[in-house]
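What follows is a short report on a single structure.
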Amino acid sequence: MTELAPISSRRRRSDVVMRGLLGVATIVALVPLVLVIYWLLHEGLSAWSKDFFTTDPNGNFLGYPGGIRSAILGTIEIVALATLISVPIGIGVALYLTEYGKDSKFANVVRYFVDVMTGVPSIVFGLFIYIVLVLARTGGSTFAAWKGSIALALLMLPIVVRSSEVVLLLVPGSLREAALALGAPRWRVVTRVVLPTSLSGLVTGALLAVARGAGETAPLLFTVAFAQGLTGNLNQSMNSLPIQIYNDIQSPRAEVVTRAWGAALTLVVMILLLNLIARAASRRSRLG
Amino acid sequence: MNPEIDTKNKDATDVSSPDQPAGQPQQTAEPAPRAQTESKRAAHSVVVEDLHAYYGAQESIKGISIKFPANEVTALIGPSGSGKSTVVRCINRMHEEIPGARAEGKVMLDDLDVYDPKVDLTAVRRAIGMVFQKPNPFPTMSVFDNVAAGLRLTGTKSDNLRETVHKALRSVGLWGEVKNRLNEPGIGLSGGQQQRLCIARTIAIEPEVILMDEPASALDPVSTLKIEELVEELKERYTIVIVTHNMQQAARIADTTAFMLEGELIEHGPTNKIFTTPEDERTERYVTGKFG
Amino acid sequence: MQETRHAFREALKDLESQTLGGMDLVLQQLDRALEAVSYQDVELAGMVVADDDRIDGRYLEVHQGILSLLARQAPVAGDLRIVAALLHIIRCIERMGDQCVNIAKLVPLSGHEAPKDKDLLDAIERMGQLAHSQVSQAKDAFGGRNTDLAQDLVRQDEEINRLNRDIFRRAVDIGDDPELREWAMFMILVARCLERIGDNTVDIAEQTVFVVTGLFREFADASTPPETATTG
């Protein structure tokens, strides 16, 4: 009968050590995350109330400082517009890179620049828009929500492009071949086969970008500035959660600081909800 | 649509013709037959003239001329790298989809040169269908949608889409197995069923020629035999070219067999002759397994 | 490097040598049967009859081997022709063995006295030698895939047919003598068996040509007059 050599004790030891190290690394990575969530909940939950969500900040030095309604709605508006700009363009660029440009010189140049853009600090985008659109008073205004959206879109665009390209490349070439061999023109192959197959991945990529954009403060500082009241006018300053938090956290008043925590918690929760909704929707669409 | 009576797949309880009382043999309801149907029944042959194919600078097909007779099954056999798949991909111009690949020469579908610059590429591919080695149904589509995909992707209008899809499924012998699962995802079927689904998808747009690139090599033996029987039936309506590395398969189903080696056509003749008295010694050595 | 399908090639070669070995058995049987006829040796004739089992056994072995090869190896082209030819040839061998047995069975029947007519006996002996040479040449022709040798067998067979006719006439001539008559008639039967053996070698020659060229051409022999034969 064959004898299988038993595991040496040295191997057993190194196995244990490695497992231990990996476990420690995981914990080290999780600790800040857990701490953040804890502090958010600890500090911010107390700010949450009905008024918190239904009133605007009122700038009063005394008394109830107001809620963050205008900030929430402002963030939604600005980020929505930024998404509307960046996601279609980003997916379009990714489609170009995977379906048409492929390995051409131009496509590789585009990829390089997109990579560079992912590394550009967000404040640079803010300054860029500040000079190009704000100082130039484009659209008849200085600070405006739509200009902030563009700044955020510039930030989100490379994220969308890179993640979409990865997802599109995962679509098996055999599917494209099958569609082409049936006699489909290339654009139909893209819209009817490639996009539907990669839909859930594209949605995830877009969500990543949205999460990033919703939390950025610097670009908004220079483009949207700050407003207290609720406004739907995209062509003027608008409130937003990051700016609200930025302002509130510096206040000497404790209630205002608490409001800042509450706003931060709100932002995190909003992104979480968005994530869940979009995933559920895309899962259904894949099976349909 | 062909006004045929599909006697192989009679289904007395077929849902698609509710106006016919159950128990009657299935007949496809048909408006006045169009002149087009006659040409669909006509025989279509493919003639390749002096074809050269390149992958970048490397020449992989070195001047091949071969005729694929109408309504016959022609098998292309040869060792790996002989270029048989490349030849077939040049017929429906899929070869040029590979970056850096190109082809020169003539491929005549009846009296039309497929490589004529004035010809619409998508029309060529509609007339020359292809079935691949690994079944590739569209994962986001149901069984029904998969079969209809050919029509929808090419923007072809069909008088009765349901009828067309059901007929295609019946033609490939899949109807009985999927008639209650038409709205389930196409990828939920077994491998052999998926491949037949892909064949149904191809014939739903009524091509003139069907190219098959090792259609059964990824399947189990029973599914393979089903596919082979299907090929026997299909050749009555289409001209079929099948690439196979399984010589027994070529011997079983092909009327004519062509042997290729290193980008050249070595011998081409009736299958019976190739497997009993081949003329070229290289053919003899390949089919008897002395190399390859 | 070993050629592909090594086991198959070995099996095919074995089958062929078994078949050709069968022809050696036939030669043995033929020689002994002829000796028995010449010397009226009943005991030797009995051995010939008993030893036919060996040829029958060889037939079964080769037949089984061919079935097995067809089922498991699916030979095609040249290999297929060889297998088909071997099947045909082993049957010819079995028939030739049976003809030797027929000759041997005639020995005790033709009487124990010394044969009477020297001319007739000489002719039989000459015919026997010719048959022996035909069988031997058929074996060489197939084994060496030699179509010239195969073609030559047709010529030899004409010779054996001529001898057959001569023997018949001679037997008719001496048939007037009542003492010789019976023996002479048995000699006619012996000659016919030898002539059949000749025909079988022509069949083997046809198979040789088939294996080499892929064409089956019927040589002129007793059953096929020269006018309808595809090669003279």
Side-chain angles (χ1 to χ4, degrees), chain B residues 73-82 84 214 216-217 220-222 224-225 228-229 242-262 265-292, chain C residues 1-17 19 65-89 141-142 144-147 150-151 203-219 230-231:
Chain B
V73 178
T74 304
L76 284 175
I77 60 173
S80 351
S82 55
K84 44 192 202 292
E214 304 200 24
S217 64
D220 62 275
V222 173
T224 299
L225 285 176
E228 288 180 10
E229 272 181 37
I242 178 166
V243 171
T244 179
H245 62 244
N246 180 344
M247 277 187 288
Q248 293 311 309
Q249 184 173 83
R252 280 194 294 269
I253 62 176
D255 300 306
T256 320
T257 300
F259 170 56
M260 284 184 61
L261 185 60
E262 289 170 6
L265 178 66
I266 306 295
E267 195 171 337
H268 177 209
T271 303
N272 207 10
K273 180 153 193 297
I274 298 277
F275 285 96
T276 54
T277 36
E279 289 187 7
D280 194 295
E281 209 218 298
R282 290 167 288 184
T283 316
E284 164 95 30
R285 289 179 59 221
Y286 179 71
V287 302
T288 55
K290 290 203 174 81
F291 77 85
Chain C
M1 190 175 108
Q2 235 187 33
E3 212 184 44
T4 44
R5 297 189 82 187
H6 183 74
F8 166 57
R9 309 233 162 273
E10 288 297 305
L12 192 54
K13 258 196 281 189
D14 283 343
L15 266 184
E16 188 171 336
S17 54
T19 307
I66 287 175
L67 281 185
S68 177
L69 209 64
L70 282 172
R72 297 175 64 187
Q73 299 284 2
V76 287
D79 296 338
L80 181 62
R81 299 201 301 274
I82 293 174
V83 169
L86 288 178
L87 198 53
H88 204 111
I89 290 172
F142 187 79
R145 307 283 192 268
N146 190 330
T147 50
Q151 191 71 48
D203 281 347
I204 294 175
E206 284 167 357
Q207 292 299 314
T208 306
V209 172
F210 171 65
V211 165
V212 172
T213 65
L215 300 166
F216 190 78
R217 304 152 92 183
E218 196 138 355
F219 290 157
T230 43
T231 181

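We name chains A, B, ... by the order of the sequence lines, and we start the count at 1 in each one. All of these numbers come straight from a predicted model, not from anything done at the bench. No hydrogens, no waters, no symmetry mates; every other heavy atom, side chains included, goes into these values.
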Restricting to non-hydrogen atoms, name the atom on B:E284 and the atom on C:G78 that form the minimum distance, rounded to 0.1 Å. OE2-N, 2.9 Å
In terms of heavy-atom contacts, does CG of C:D14 have more than 12 from other residues, nucleotides or ligands at under 6.0 Å? yes
For residues 67-76 of chain C, please give each side-chain donor-acceptor pair under 3.5 Å, one per line with the distance, not counting sequence neighbours.
unit_1, atom_1, unit_2, atom_2, d
C:Q73, OE1, C:R5, NH2, 3.2

Separation of B:T277 OG1 from C:L215 CG (nearest 0.5 Å): 7.5 Å
Looking only at non-hydrogen atoms, find the nearest pair between B:P278 and C:R81 and report the distance. CD-NH1, 4.4 Å
Throw together a table of side-chain donor-acceptor distances under 3.5 angstrom for residues 252-259 of chain B, partners on residues two or more places apart or in other chains.
unit_1, atom_1, unit_2, atom_2, d
B:R252, NE, B:E228, OE1, 2.8
B:R252, NH2, B:E228, OE2, 2.9
B:D255, OD1, B:K235, NZ, 3.1
B:D255, OD2, B:V73, N, 2.9
B:D255, OD2, B:K235, NZ, 3.3
B:T256, OG1, B:E72, OE1, 3.0
B:T257, OG1, B:T271, OG1, 2.9

